[in-house]
Amino acid sequence: MSRAAERLRLLINHLDRPAAVTAVPTYAHSFTSSRPQGLGYTLDSDLLTPEQRLFYEENGYILIKNLVSEEDIERFRKEFERICQQEVKVPGLLVMRDLAILKSEFVPDEKAVSKLQDYQEDPELFRYCTLPQILKYVECFTGPNIMAMHTMLINKPPDAGKKTSRHPMHQDLHYFPFRPADRIVCSWTAMEKVNRQNGCLVVLPGTHTGTLQEHDYPEWEGGVNKMYHGVRNYDPLQPRVHLEMEKGDTVFFHPLLIHGSGMNQTKGFRKAISCHYASSDCYYIDVRGTTQENIEKEVQQVTKSKYNMDIAFKDTWSFRGRLVQGERISL
């Protein structure tokens, strides 16, 4: 038996002991608390090896090589181009542009599209969220009833010298008014080679075992793109890992894992497609009076300007969520 498998067996045995204290937290900032060492982040399955399962438990992420085919990625790329050229209109799609990049990839005299958000009404892009090879890994973290809650295609542009192509270090849970955090996972697939030169993901291993930190816009000289919140009082000296990936590689990570990405120092755009999944057993929480109140207000402002109506924070998530496997129970 490998060392990792033996450690996993010991952890499972540890879970059989009765818990000394059971806490039922109420507020967003206190939901994730310290816990005895155990298998709280993955679920039993035949897919993950003991080594992979233990790695996710300890680090909060796992990288699976060559998971999405080149054919699928090319189809996603072509659909992205069609959207940028306005050949197709997608209901509810949020097209985000870099505040400093004046040159678009496909359309002259337009600011560069840096991200597509909420593509759940685009059948071609949403097909990513339903790929069987993605969902079988997602189930290891969420269980069998799976909702696709947040969809993005990231198109990191070449930096214009103001460092606006960076994404500050953050925790995805800051944006989500649903819990429990341990039944949420992100799938992030590289659509081309991703490295430190074009701004790969940077993660702080093990930070998923902590709590949700306070977030706000960082005070960067070149400015920050809309809704790019970062962890306040972030310590840049914390140990970090740069996730360099090949086309089709996919990383799955916990919503409390602190992560971000650096500048794109190349002349090309760097693309990735992602989806945040949650168990349909998850439930909504009230974030008023918590560290998430600032993002709630910002999202409500955006939806107010877009739809000319007041929409509750949790409702903006409810109508975007799509069942991709099993039954829709709560979300």
Side-chain angles (χ1 to χ4, degrees), residues 63-98 101-138 146 148-160 164-165 167 186-195 197-201 225-226 243-252 261 264-277 306 320-325:
L63 177 62
I64 306 298
K65 304 292 288 183
N66 197 30
L67 190 61
V68 179
S69 71
E70 288 203 22
E71 178 185 355
D72 280 327
I73 288 173
E74 185 58 27
R75 288 175 60 176
F76 302 146
R77 184 186 300 275
K78 287 181 178 178
E79 184 69 1
F80 172 74
E81 182 175 346
R82 291 180 66 222
I83 291 171
C84 289
Q85 294 179 334
Q86 300 183 8
E87 295 177 10
V88 58
K89 298 287 186 181
V90 182
L93 183 71
L94 181 61
V95 179
M96 304 177 73
R97 300 181 185 275
D98 190 283
I101 311 298
L102 298 178
K103 185 178 180 182
S104 172
E105 188 177 10
F106 302 112
V107 182
D109 304 320
E110 278 194 5
K111 285 188 176 181
V113 173
S114 59
K115 184 186 294 184
L116 299 181
Q117 196 156 281
D118 304 331
Y119 60 68
Q120 66 275 357
E121 293 297 333
D122 185 286
E124 182 58 58
L125 292 182
F126 192 72
R127 199 172 55 80
Y128 168 79
C129 306
T130 65
L131 290 175
Q133 67 267 39
I134 295 283
L135 291 179
K136 70 179 183 179
Y137 278 99
V138 170
I146 305 173
M149 297 299 294
H150 184 226
T151 55
M152 293 190 299
L153 193 154
I154 305 103
N155 186 45
K156 184 186 281 287
D159 200 87
T164 56
S165 65
H167 198 304
C186 179
S187 168
W188 194 101
T189 298
M191 293 177 63
E192 54 209 308
K193 185 179 180 66
V194 175
N195 53 33
Q197 285 68 45
N198 63 9
C200 65
L201 286 179
N225 286 306
K226 189 72 172 174
L243 296 181
E244 297 196 321
M245 302 165 65
E246 299 294 331
K247 181 191 293 187
D249 292 354
T250 302
V251 61
F252 297 89
S261 63
N264 181 357
Q265 302 176 66
T266 70
K267 295 182 179 180
F269 289 74
R270 188 273 279 157
K271 293 178 178 60
I273 189 167
S274 75
C275 178
H276 281 90
Y277 299 91
K306 188 171 183 177
R320 283 183 288 179
R322 297 291 185 273
L323 184 71
V324 289
Q325 181 177 295

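- Between Arg270 and Val194, the closest heavy-atom pair is CD-CG2, 3.8 Å.
- Look at Arg322 and Glu121 and you find a salt bridge, because one of the NZ, NE, NH1 or NH2 atoms lies within 4.0 Å of a carboxylate O, short of that distance.
- The backbone N or O of Asn66 lies less than 3.5 Å from a partner atom in the side chain of Asp249, making a donor-acceptor pair.
- Side-chain contact between Leu135 and Val324: present, with at least one pair of heavy atoms (C-beta onward) separated by less than 4.5 Å.
- Every side-chain contact (heavy atoms from CB on, under 4.5 Å) that Arg127 has, sequence neighbours left out, goes to Asp72, Arg75, Phe76, Glu124, Thr130, Leu131.
- Atom CG of Asp122 is separated from atom CG of Leu93 by 7.5 Å, given to the nearest 0.5 angstrom.
- Separation of atoms NZ (Lys267) and CD (Gln197) is listed at 14.5 Å; rounding is to 0.5 Å.
- The shortest heavy-atom contact between Tyr277 and Cys129 is OH-O, 2.9 Å.
- With rounding to the nearest 0.5 Å, the separation of CG in Leu243 from CG in Asn195 is 12.0 Å.
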Practice task
Go through Ile273 and Tyr119 one step at a time and tell me if the side-chain contact (heavy atoms from CB on, under 4.5 Å) criterion holds.
Solution key: CA-CA 11 Å; Ile273 189 167; Tyr119 60 68; 3.4 Å; yes

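- Between Glu246 and Lys193 a salt bridge is recorded (basic side-chain N to carboxylate O distance below 4.0 Å).
- Between the side chain of Thr266 and the backbone N or O of Asn198, no donor-acceptor pair lies under 3.5 Å.
- Annotation for Glu71: atom CD does not count as buried by contact number, only 12 or fewer foreign heavy atoms lying within 6.0 Å.
- One distance of note links CD1 of Ile134 with CD1 of Ile146; it measures 11.0 Å at 0.5 Å rounding.
- Other residues, nucleotides and ligands place more than 12 heavy atoms under 6.0 Å from the CD atom of Gln133.
- Leu153 has its side chain within reach of Met191: a pair of non-hydrogen atoms, C-beta onward, lies under 4.5 Å apart.
- From Arg77, atom CZ reaches atom CG of Asn155 across 9.0 Å, with rounding to the nearest 0.5 Å.
- A distance of 7.0 Å separates CD of Gln117 from CZ of Arg320, quoted to the nearest 0.5 Å.
- Of all heavy-atom pairs spanning Ala190 and Ile73, the tightest one is O-CD1, 3.6 Å.
- Partners of Phe252 under the ring pair (Phe, Tyr, Trp, His ring centres under 6.0 Å) rule, at least two apart in sequence or in another chain, are Tyr137.
- Side-chain contact, Tyr128 with Ser187: a donor N or O sits under 3.5 Å from an acceptor N or O.
- Ser261 approaches Lys156 most closely through the heavy-atom pair OG-NZ, 2.8 Å.
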Handout entry: Pair Glu81-Lys78, salt bridge (charged side-chain N to carboxylate O under 4.0 Å, His left out): steps then yes or no
Key = CA-CA 5 Å; Glu81 182 175 346; Lys78 287 181 178 178; over 6 Å; no

Practice task
Check the pair Thr151, Leu125 against side-chain contact (heavy atoms from CB on, under 4.5 Å), reporting the backbone distance first and the verdict last.
Solution key: CA-CA 9 Å; Thr151 55; Leu125 292 182; over 6 Å; no

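- For the pair Ile154 and Ser274, the tightest heavy-atom approach, listed with the atom from each and the gap, is CD1-OG, 3.9 Å.
- Here the shortest heavy-atom pairing between Pro158 and Gly268 reads CD-O, 3.6 Å.
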Practice task
Applying side-chain contact (heavy atoms from CB on, under 4.5 Å), run through Thr189 and Lys247 and close with a yes or a no.
Solution key: CA-CA 8 Å; Thr189 298; Lys247 181 191 293 187; over 6 Å; no

